[in-house]
Amino acid sequence: MSPQPSAFERYLGSLRGERRLAANTVDAYRRDGALLAELAGERPLGELQSADVRRFVATLHGRGQSPRTLARVLSCWRGFSDWLARAHLVKANPCAGVKAPRGARKLPEALSPDDAVRLVSLEDTSDLGLRDRALFELAYSCGLRVSELTGLDLGAIDAATGEARVTGKGSKTRIVPVGAPALTALAAWLPARERLAKPGESALFVGSAGRRLAPREVQRRIKRWAAAAGIAVDVHPHMLRHSFASHLLQSSGDLRAVQEMLGHASIASTQVYTHLDFQHLAKVYDAAHPRARRRKRP
């Protein structure tokens with residue numbers, strides 16, 4: 001083919017104008033277009049079929065390109081082909097229906113129960129220290145996303161019933177139980193919040209300027225407290241959500257309940273937390289399964 005450089009540059013120009021892409025993104029798209037030109041050789045784009053594009057993807061995969069990179073490359077090719085089709089330069093998009101190979105799903109990282117408790121049990125009676133403890137206790141108690149934490153308003157937590165009303169993805173609302181330590185930490189934070197919050201501010205968690213706390217600040221503070229607690233891993237707010245899910249599932253075995261509390265639309269998203277320590281599984285199997293090989297007593 002090869003996509004004519006002028007056509008591809010016009011396509012990139014349309015992206016810059018419509019989507020205001022960063023310079024690095026435009027450069028990546030330009031490299032992806034060069035790959036398509038290289039793999040297609042002298043064949044015009046209008047003659048390419050889906051089988052050709054699948055072969056191109058397989059070739060790149062064989063060169064060691066990751067599934068994530070291939071997905072981005074395909075996205076570029078598909079967008080360029082759609083642009084050519086709208087300009088009546090090709091009849092059909094040969095990338096339609098072609099998918100990148102799926103990569104191995106990375107298991108979420110979770111803290112050990114001991115490390116999670118050490119992190120949320122920080123001792124700091126300053127206003128921001130009280131806020132941080134309430135934040136982390138609530139994150140671990142309820143498995144909230146950082147956006148859900150910072151999006152909470154006053155009145156979202158009902159201390160009498162021990163429940164929180166949370167607005168998650170897609171503006172869906174769910175009710176989740178709140179543990180006693182989190183309620184205690186919130187009760188200690190509220191007087192400090194009154195000292196910090198600007199008049200009329202509705203956010204439950206505010207920063208030193210008195211306005212709603214930003215997710216970025218939560219990330220910064222949790223890293224600081226993890227280092228102070230001597231936790232030797234890179235801790236981020238979502239890790240407390242992963243820890244909540246893993247620890248609760250290992251204790252209860254109730255996948256549906258964990259799904260509801262996490263706010264997952266599909267249970268497939270929750271099943272990633274079903275990885276348990278194999279030795280624990282082996283012990284349960286040996287102790288409970290009628291066909292398990294019993295160990296001889298000494």
Side-chain angles (χ1 to χ4, degrees), residues 1-109 145-148 168-172 215-216 219 234 236-239 241-242 262-273:
M1 131 183 127
S2 41
Q4 296 180 1
S6 57
F8 197 77
E9 286 300 327
R10 290 202 304 274
Y11 168 62
L12 292 180
S14 71
L15 291 182
R16 283 192 293 265
E18 296 170 9
R19 295 169 52 184
R20 300 184 181 278
L21 297 182
N24 288 341
T25 304
V26 173
D27 288 342
Y29 273 46
R30 184 175 286 110
R31 291 192 295 271
D32 297 340
L35 280 175
L36 181 58
E38 172 201 339
L39 292 164
E42 297 302 319
R43 294 185 62 189
L45 185 62
E47 295 180 6
L48 293 179
Q49 304 294 321
S50 294
D52 298 312
V53 177
R54 289 191 179 91
R55 188 174 67 255
F56 297 165
V57 171
T59 298
L60 294 177
H61 197 206
R63 294 179 185 176
Q65 297 280 17
S66 69
R68 184 174 182 178
T69 298
L70 292 174
R72 190 206 68 223
V73 169
L74 265 175
S75 176
C76 172
W77 293 357
R78 191 178 295 114
F80 178 49
S81 299
D82 282 339
W83 182 83
L84 289 174
R86 290 195 299 271
H88 305 291
L89 298 175
V90 297
K91 293 182 179 180
N93 188 339
C95 302
V98 180
K99 296 182 179 179
R102 295 182 64 180
R105 188 170 187 181
K106 186 179 179 182
L107 293 175
E109 294 180 283
R145 302 176 178 94
V146 66
S147 59
E148 294 170 346
K169 289 185 176 180
S171 298
K172 294 181 179 178
R216 180 71 68 180
Q219 295 168 359
D234 183 21
H236 50 83
H238 219 63
M239 191 176 282
R241 177 172 163 88
H242 295 326
L262 289 175
H264 284 160
S266 168
I267 201 166
S269 300
T270 317
Q271 285 173 328
V272 69
Y273 295 106

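One-based numbering along the sequence shown.
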Any Ser81 side-chain heavy atom under 4.5 Å of Pro94 side chain: yes

Note, Thr69 side chain near Leu60 side chain (heavy atom, < 4.5 Å): no

Nearest non-hydrogen partners of His61 and Gln65, listed with the distance: CD2-O, 3.3 Å

Donor-acceptor under 3.5 Å (Asn93 side chain, Arg78 main chain): yes

Close side-chain approach of Leu48 to Phe56, heavy-atom, < 4.5 Å: yes

Thr59 (side chain) donor-acceptor with Arg55 (main chain) under 3.5 angstrom: yes

Contact check, side chains of Leu35 and Trp77, non-hydrogen atoms, under 4.5 Å: yes

Contacts of type salt bridge (charged side-chain N to carboxylate O under 4.0 Å, His left out), residue Arg63, not counting sequence neighbours: Glu38

Shortest non-hydrogen contact from Gly33 toward Phe8: CA-CZ, 3.5 Å

Considering all heavy atoms, the nearest Val98-Ser50 contact: CG2-O, 4.0 Å

Geometric class of the His236/His238 ring pair [parallel <30°, tilted 30-60°, perpendicular >60°]: parallel

Approximate separation, where rounding is to 0.5 Å, of Gln49 CD and Cys95 SG: 11.5 Å

Set of residues satisfying salt bridge (charged side-chain N to carboxylate O under 4.0 Å, His left out) with respect to Asp27, sequence neighbours excluded: Arg30

Student check: side-chain heavy atoms of Tyr29 and Tyr11 closer than 4.5 Å: yes

